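Just so we're clear, the structure is a prediction, and the values are computed from it rather than from any experiment. Each chain gets a letter, A, B and so on, in the order its sequence line appears, and its residues count up from 1.
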Amino acid sequence: MSASIALIDCNNFYVSCERVFNPRLEGRPVVVLSNNDGCVVARSNEVRALGVGMGVPWFQIRALAEQHNIVALSSNYALYADMSNRVMAILSTFSPGQEVYSIDECFLDLGGFEHFGLARYAQTMRHRIRRLLGLPVCVGIASSKTLAKLANHVAKKRAAFDSVCDFGAFEPGELDRLLGEIEVGEVWGVGRRLAPRLGAMGIRTVLDLKRASPARIRQRFSVVLERTVAELNGVPCLGLEEVAPAKQQIVSSRSFGMPVLGLAELQQAVQSYTVRAALKLRRQHALAGAIHVFIRTNPFKQNAPQYSQGITLPLAAPTSDSITLSHGALQGLKTIYRAGFAYTKAGVMLAELIPANRRVPTLFDDPAQLARSTGLMQVLDRINLAYGQGTIKLAGEGLEQHWRMKSGRKSPCYTTRLAEVAVAHAG
DNA sequence: TCTGGGGTCCTAGGACCC
DNA sequence: TCTGGGGTCCTAGGACCC
């Protein structure tokens with residue numbers, strides 16, 4: 001028997017989360033904006049119907065938004081992450097094999113559950129998530145991950161399927177007919193660059209790609225796309241990754257709320273980002289062997305002088321100490337900084353990560369210093385966890401932080417901050 | 001005026017070695 | 001005038017994802 005893999009995906013996830021706690025948004029056109037209120041990163045169906053694309057800069061659709069009374073919200077990641085955890089916990093009860101693929105999607109291995117009737121089983125998941133959390137989801141089921149993604153797409157787009165589509169229930173000819181109606185760009189792994197190149201070869205629909213010669217695809221493109229062709233033919237090449245692999249790099253970067261010219265403010269920003277990245281590093285019990293810093297001006301502002309530079313510095317020994325990492329980052333920043341530019345973004349990347357318990361002692365180790373550093377970081381993390389991030393900062397992070405990003409339309413942290421829980425009034 | 005952030009994998013090409 | 005070939009390692013860049 002072939003595999004049965006389900007992909008469960010929340011509809012318009014960020015918008016749906018906002019609607020759970022603010023029912024007045026129901027039925028209205030709503031968008032959620034990226035950090036800095038820059039781009040549209042989630043759209044309600046009403047907004048999609050107006051032709052607003054994903055990732056469109058907010059300022060470009062201001063007039064349209066006004067005309068149609070579109071509600072725009074800053075993103076509230078604490079809320080979405082918490083709701084995501086709840087969704088994933090509910091779904092995990094439907095199968096022992098779960099891969100959490102992103103904040104709003106997961107794969108479930110439904111092998112062995114066929115006797116329930118997979119479509120019916122999926123409807124149970126849907127209804128439970130709707131009832132317990134108030135969130136709408138769609139489910140796609142097929143014999144490979146790539147096909148399950150497509151089945152999910154069909155479940156979303158075609159009302160006749162009632163939000164659940166099981167390719168396994170199709171006759172072979174019937175499935176091919178359907179795949180012949182879907183553009184190749186919808187395939188997982190075919191993005192905006194590959195789709196036109198495939199089109200030029202006469203491969204325009206999913207069915208065309210499914211029937212393409214794997215050898216030719218590999219030769220013209222890569223092994224990655226060759227695997228996609230196999231997956232479309234129901235040959236699974238991508239396994240379920242139930243345990244998230246350890247990260248190979250950790251990035252913290254932000255656009256500024258306003259252009260920054262001086263080194264002093266860049267130093268504050270870079271140090272803040274380093275502290276954030278170091279915290280993520282410690283949370284996954286890892287050490288970084290190198291740190292990369294970058295800064296850049298606004299690439300969209302073509303008539304302004306442009307500068308974009310980064311530098312990678314190896315660390316004397318792998319570490320997760322915020323202070324040591326900050327020293328490295330600031331040293332790198334000094335090297336790449338050039339006066340006379342209006343910077344709009346900076347970032348820090350921790351690389352060459354190793355598990356903390358695999359640290360190899362070096363000649364220059366100072367055991368007392370190492371113990372002090374570990375202890376200090378533990379205290380710092382504990383206090384910031386208890387009293388909120390930023391309660392204790394490094395001096396260089398700055399108190400004013402004029403460069404901080406804009407986020408003026410944020411909803412309350414309904415589920416993660418006691419002071420901000422929703423209050424129901426009776427009578 | 002105003003354009004996100006955080007990841008992964010693969011490939012091509014250069015450096016270097018024998 | 002003539003100036004190898006093959007392997008490995010590393011990095012930058014391109015493609016993709018949400």
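- The separation between A/Leu194 atom CG and C/dG14 atom P is 14 Å, rounded to whole Å.
- Listed pair A/Lys345 / B/dG6 fails the phosphate criterion, with no side-chain N or O lying under 4.0 Å from OP1 or OP2.
- A/Arg276 and A/Ser252 share a donor-acceptor pair across their side chains, judged by distance under 3.5 Å alone.
- At least one side-chain heavy atom of A/Arg211 sits under 4.5 Å from a side-chain heavy atom of A/Asp176.
- A donor-acceptor pair shorter than 3.5 Å cannot be found between the side chains of A/Asn12 and A/Arg19.
- Checking B/dG6, B/dT3, B/dT11 against every side-chain atom of A/Gln60, the shortest atom distance belongs to B/dT3.
- Within the cation-pi definition used here (under 6.0 Å to the ring centroid, within 45° of the axis), A/Lys345 does not qualify as a partner of A/Phe256.
- Toward the 5′ end of DNA chain B lies the nearest nucleotide of A/Gly55, the other residue of the pair A/Gly55 and A/Lys280 mapping further downstream.
- What separates CD of A/Gln249 from P of B/dC9 is a distance of 10 Å, to the nearest Å.
- Rounded to whole angstrom, the span from the CD atom of A/Gln306 across to the C1' atom of B/dT3 amounts to 13 Å.
- The phosphate of B/dG4 (OP1 or OP2) has no side-chain N or O of A/Ser253 nearer than 4.0 angstrom.
- Side-chain nitrogen and oxygen atoms of A/Arg62 include none within less than 4.0 Å of the OP1 or OP2 phosphate oxygen of B/dT1.
- Between B/dG6 and A/Arg276, a contact under 4.0 Å exists linking OP1 or OP2 to a side-chain N or O.
- The phosphate of C/dA15 has neither OP1 nor OP2 within less than 4.0 Å of any side-chain N or O from A/Arg192.
- Remark: A/Ser255 is in phosphate contact with B/dG5, judged by side-chain N or O atoms under 4.0 Å from OP1 or OP2.
- One atom, CG of A/Asn12, and another, P of C/dC18, lie 14 Å apart when rounded to the nearest Å.
- Considering only side-chain N and O atoms, A/Lys247 lies nowhere under 4.0 angstrom from the phosphate OP1 or OP2 of B/dT8.
- Note: CD1 (A/Ile295) to P (B/dG5) measures 16 Å, nearest angstrom.
- Rounding to whole angstrom units, CE of residue A/Met349 and P of C/dT11 are separated by 11 Å.
- Mapping A/Arg227 and A/Asn35 onto DNA chain B by nearest heavy atom places A/Asn35 closer to the 5' end of the strand.
- Between A/Asp82 and A/Thr415, the side chains place a donor N or O and an acceptor N or O closer than 3.5 Å (distance only, hydrogens not considered).
- The distance between atom CZ of A/Arg254 and atom C1' of B/dG6, rounded to the nearest whole Å, is 10 Å.
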